[in-house]
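Scroll down for the structure; my scribbles are underneath it.
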4 protein chains.
Amino acid sequence: MERDETAPALGRNAQQADAPSPATAPGTRRPGGRTARTRAAVRDAVLGGLVELGYPGLSVEYVAERSGIHRTTLYRRWGNLEGLLVDALDLAGEDSWTPPDTGSIEGDLRALARMTAATFTDAAAAAAPTAVIAAAFQSERAADALRAFYEERFARCEVIVARAVARRELDRNPDAGALVRAVVSPLFLKLFITREPVGEQQADQAADMALAAARAGVFDIPPTSAGAV
Amino acid sequence: MERDETAPALGRNAQQADAPSPATAPGTRRPGGRTARTRAAVRDAVLGGLVELGYPGLSVEYVAERSGIHRTTLYRRWGNLEGLLVDALDLAGEDSWTPPDTGSIEGDLRALARMTAATFTDAAAAAAPTAVIAAAFQSERAADALRAFYEERFARCEVIVARAVARRELDRNPDAGALVRAVVSPLFLKLFITREPVGEQQADQAADMALAAARAGVFDIPPTSAGAV
Amino acid sequence: MERDETAPALGRNAQQADAPSPATAPGTRRPGGRTARTRAAVRDAVLGGLVELGYPGLSVEYVAERSGIHRTTLYRRWGNLEGLLVDALDLAGEDSWTPPDTGSIEGDLRALARMTAATFTDAAAAAAPTAVIAAAFQSERAADALRAFYEERFARCEVIVARAVARRELDRNPDAGALVRAVVSPLFLKLFITREPVGEQQADQAADMALAAARAGVFDIPPTSAGAV
Amino acid sequence: MERDETAPALGRNAQQADAPSPATAPGTRRPGGRTARTRAAVRDAVLGGLVELGYPGLSVEYVAERSGIHRTTLYRRWGNLEGLLVDALDLAGEDSWTPPDTGSIEGDLRALARMTAATFTDAAAAAAPTAVIAAAFQSERAADALRAFYEERFARCEVIVARAVARRELDRNPDAGALVRAVVSPLFLKLFITREPVGEQQADQAADMALAAARAGVFDIPPTSAGAV
DNA sequence: TGTTAACCGAGACGGTACGTCGCGTCTTTCT
DNA sequence: AGAAAGACGCGACGTACCGTCTCGGTTAACA
């Protein structure tokens, strides 16, 4: 076994949705000591495996070997590869990331776009998120986790718009979520669909595009109605 | 051979890029008669299988059964599932799709966006392209095919911008490719990353966003320089 | 599991020599219950298959079907057809055969020869040993098993010579192993090399030949020397 | 292609029993020129293949590559591996081997035994005959060819006995065939069944045994009867 | 000396069996 | 008693070789 670092940043250990039986789900009754260490080792192995092999190369077998936890145990607690992945993703989503704060909305959006581009350009950093995106094509639970992850991320970004409004940089009140999605969407398109190179130029253009559209009122929230979701 | 119907919708039957060895690749030397029928049957089966099972559920085994072509033959000619998929995608790319022509750039872009949304909302229509996108995460060849496919599609769309310029709807000369990508990118984001619902409203907003940005000069081609990549 | 009969004629269930890795060889750690039943079912199937199809017709596939044990399991535990055969042969070698005891050496040798001839003339009885002989041409392990089998058989026969010496039928002290080999060798030649018919007449002649040679001193052990191998 | 020597000793080209249709058997109507060259190349390849890989490793595929003759042609003319082997064996049986002539029967028999032992001890020399013996376990035609080969060989050896009788070394008239078989049978037993080492000592003992038995009258031809087979 | 039938080269395919990998379940064994 | 680890069922993979079919191109034998 090559990995021994005991996952320091394990933290809160969010509740996950274990399949087998809701009452007796293994790992829920006695979450201390060995149980916790097991989970940590497994998460490390999953994330590490994603970096090394990517999602298509990942297997329960591999996680078992790398984590030192027996295959049967993995199946008992996580059900299958999907479960392992989702659990590991939970962890990833629990970081304390905050959107950039440069003083201007243009700066913030550009920084956000550049961060996104940089993340997915760096092989090591991109491995895990890319893997989850790939997994979402094959697993409903992974898709759910992915959606939740980005929803939360985009929500965190809304402060950018709020600050801009407060600063009077924007005389409108655009849908912050739509704006943020607009910023990153061209990057994701190039990264995962058309597989074109993505650099700072593309990032800046994406940010500028979103801002221009916002200024033109494209993202304005229809003033009417209340409950309209 | 039980199948004899000669693949009506086969189109041009273009040259394919067989990997193994350019000299001895099966299916290249004697591309007539049975060979052609085999290919057609296999393509049908692949596309059909994608619609029925999606990419993760597709297997060489299944294609063999559905097409009536023996497993061994599939491996000989296409190597693996990847090859089957790429070949089938070649076919898909060879249709005579043309971008909408509504008379105004706003109409064209909105129509384009709505078409895209509709395609990926209709389960049957979405199956094949979705599968290829999924496959691209696992296969370099699929990724190449995917890139080529969209590059060609986007190129076909450039006429929309050209027409707008000719009509004097645009007083600028934006990068048509960037503009078109901007139109579809929010849709792809919602479809494949955040897995949010995509309807006409989202389509229109995407089109409007791209157009607003274009009008603001975001996609303008830098007039200077030649080699600037 | 459909088979449950607990392999009555299993005998001692001897230690087998699993090749792959002595530590992790499947079937060694938990040799009870299902594992034992599996082995018994497989042995039955191998022996039965030999009788039905002979060695050239035998396949792992067939053993799997006949035994009700999955192909993969066979590969895991026995590696290949060779291993299956060797294991089954172990069983065959563990019977309680004893050489004939007629009261005279001539009678004993003739009986031995006739038994040999009869064994290989009866299709059902001959199937297994013939198969192993055939297999020995293709497999080192089968050859080893074969050698061990006959070595042990010939050793059991040495008592014939000992009794003859005790009865003073022989005034010499011939190499019992050589004598016994001499008895059966013409039969094996006709059976497997020249493929000539073998009956009681041939058996008796072989026995007589060996006895005559023994009486002439051909098999006498050189009285000298120690280390002469 | 590495082999080019055009099989000088091709000789008589015995009639073979081709399966398909006795009238149109390929290779019979136009047996000259290319046809003959093809046959020679194939025979070389078969024999060479046996030496290199042994029977179990031999395949039609291999013969095709090694001989430079296309697989289809091989199937057309020889039907299958069996046919290839039988044809090659025909060639081997057509040499001008003659039994040793040392001046005494003891010398002759010992020389014969030693020759046999030497042949099967030398790896290169043993390959072909061993392969045929192995093949005979799997193919009726190979078994036939094998029987015919040894029958002819043993017949050639009968002159040894005739000379001995003429020299008055033997005062009996033993069945020459039985005697010769007796000489070689212990060697074949050790070579192919018990897989024990075979050297000059064993050879001499085998010859002595046969001679002693002959002198004791074991091989005497029963003076009575005619039709006794 | 043509010509024609025979032979050969070549490509593609159906088919059987092989040996392997990974998944997920069951069951023996050990604590 | 209950989990850990071993053994298994199962589906699919990719490969090797077999034997067949169908072309088309040479070439040996005979008119």
Side-chain angles (χ1 to χ4, degrees), chain A residues 26 34 57-64 69-82, chain B residues 1-2 24-39 58-64 68-81, chain C residues 1 24-39 57-64 68-81, chain D residues 24-39 57-64 68-81:
Chain A
R34 185 171 59 171
L58 197 64
S59 71
V60 177
E61 215 84 25
Y62 176 89
V63 175
I69 306 299
H70 199 272
R71 270 175 45 254
T72 314
T73 303
L74 299 183
Y75 282 114
R76 246 194 307 269
R77 288 193 44 192
W78 285 273
N80 52 20
L81 195 56
E82 202 182 321
Chain B
M1 190 65 51
E2 298 89 349
T24 331
T28 52
R29 292 285 185 80
R30 286 166 50 183
R34 182 170 59 167
T35 300
R37 281 198 305 277
T38 296
R39 164 166 298 172
L58 198 65
S59 72
V60 177
E61 210 86 26
Y62 175 88
V63 175
I69 303 300
H70 202 275
R71 238 162 41 81
T72 312
T73 299
L74 301 185
Y75 282 114
R76 259 191 296 252
R77 281 187 58 184
W78 287 274
N80 51 21
L81 197 54
Chain C
M1 189 66 53
T24 331
T28 53
R29 292 286 186 80
R30 285 167 50 186
R34 183 170 59 167
T35 301
R37 283 198 304 278
T38 297
R39 164 167 298 171
L58 198 65
S59 72
V60 177
E61 210 87 24
Y62 175 89
V63 174
I69 303 301
H70 202 274
R71 237 160 45 79
T72 312
T73 299
L74 300 185
Y75 283 113
R76 263 191 291 249
R77 281 186 58 183
W78 286 274
N80 52 20
L81 198 55
Chain D
T24 332
T28 52
R29 292 286 185 78
R30 286 165 50 187
R34 183 172 60 167
T35 299
R37 280 199 305 279
T38 296
R39 165 166 296 175
L58 198 65
S59 71
V60 176
E61 215 85 26
Y62 175 89
V63 174
I69 304 300
H70 201 271
R71 269 175 47 254
T72 311
T73 302
L74 300 184
Y75 282 114
R76 252 194 301 259
R77 285 192 47 189
W78 286 273
N80 52 19
L81 196 56

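In what follows, chains are A, B, ... by sequence order, proteins preceding strands, each numbered from 1.
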Does dG19(F) have OP1 or OP2 under 4.0 Å away from a side-chain N or O of Y75(D)?
yes
Position toward the 5' end of DNA chain E (nearest nucleotide), T35(C) or L74(B):
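The residue closer to the strand's 5' end, by nearest nucleotide, is L74(B).
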Go nucleotide by nucleotide along DNA chain E from the 5' end; which of L81(C) and R71(D) gets its closest nucleotide reached first?
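Between the two, 5'-proximity favours R71(D).
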Whole-Å distance separating the [atom1] atom of [X] from the [atom2] atom of [N]:
| X | N | atom1 | atom2 | answer |
| --- | --- | --- | --- | --- |
| Y62(D) | dT15(F) | OH | P | 23 Å |
| E61(A) | dG24(E) | CD | C1' | 11 Å |
| R37(C) | dG9(F) | CZ | C1' | 14 Å |
| I69(A) | dA5(F) | CD1 | P | 9 Å |
| W78(C) | dC18(E) | CH2 | C1' | 18 Å |

What is the distance from atom [atom1] of [X] to atom [atom2] of [Y], rounded to the nearest 0.5 Å?
| X | Y | atom1 | atom2 | result |
| --- | --- | --- | --- | --- |
| L81(D) | L58(D) | CG | CG | 5.0 Å |
| R77(A) | I69(A) | CZ | CD1 | 8.5 Å |
| T73(A) | H70(A) | OG1 | NE2 | 7.0 Å |

Candidate pair V60(A) and N80(A), rule side-chain contact (heavy atoms from CB on, under 4.5 Å), full reasoning:
CA-CA 7 Å; V60(A) 177; N80(A) 52 20; 5.6 Å; no
Taking only the side-chain heavy atoms of T73(C) (C-beta and beyond), determine which of dC13(F), dC17(F), dG9(F) contains the nearest atom.
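Among dC13(F), dC17(F), dG9(F), the one nearest the side chain of T73(C) is dG9(F).
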With the side chain defined as heavy atoms from C-beta on, T38(B) is closest, among dC13(E), dG6(F), dA4(F), to dC13(E)
Taking for each residue the nucleotide of DNA chain F with the nearest heavy atom, is it N80(D) or V60(B) whose nucleotide lies nearer the 5' end?
V60(B)
Between L58(B) and H70(C), who's closer to the 5' end of DNA chain F by nearest nucleotide?
H70(C)
Check if the side chain of R77(C) and the base of dG6(F) share a donor-acceptor pair of N or O atoms closer than 3.5 Å.
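Not at all, since no donor on one side and acceptor on the other fall under 3.5 Å apart.
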Is any side-chain heavy atom of T72(A) closer than 4.5 Å to one of R76(A)?
yes
Just call it for T72(A): base, sugar-phosphate, or nothing, with non-hydrogen atoms closer than 4.0 Å on any strand.
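Contact class for T72(A): base.
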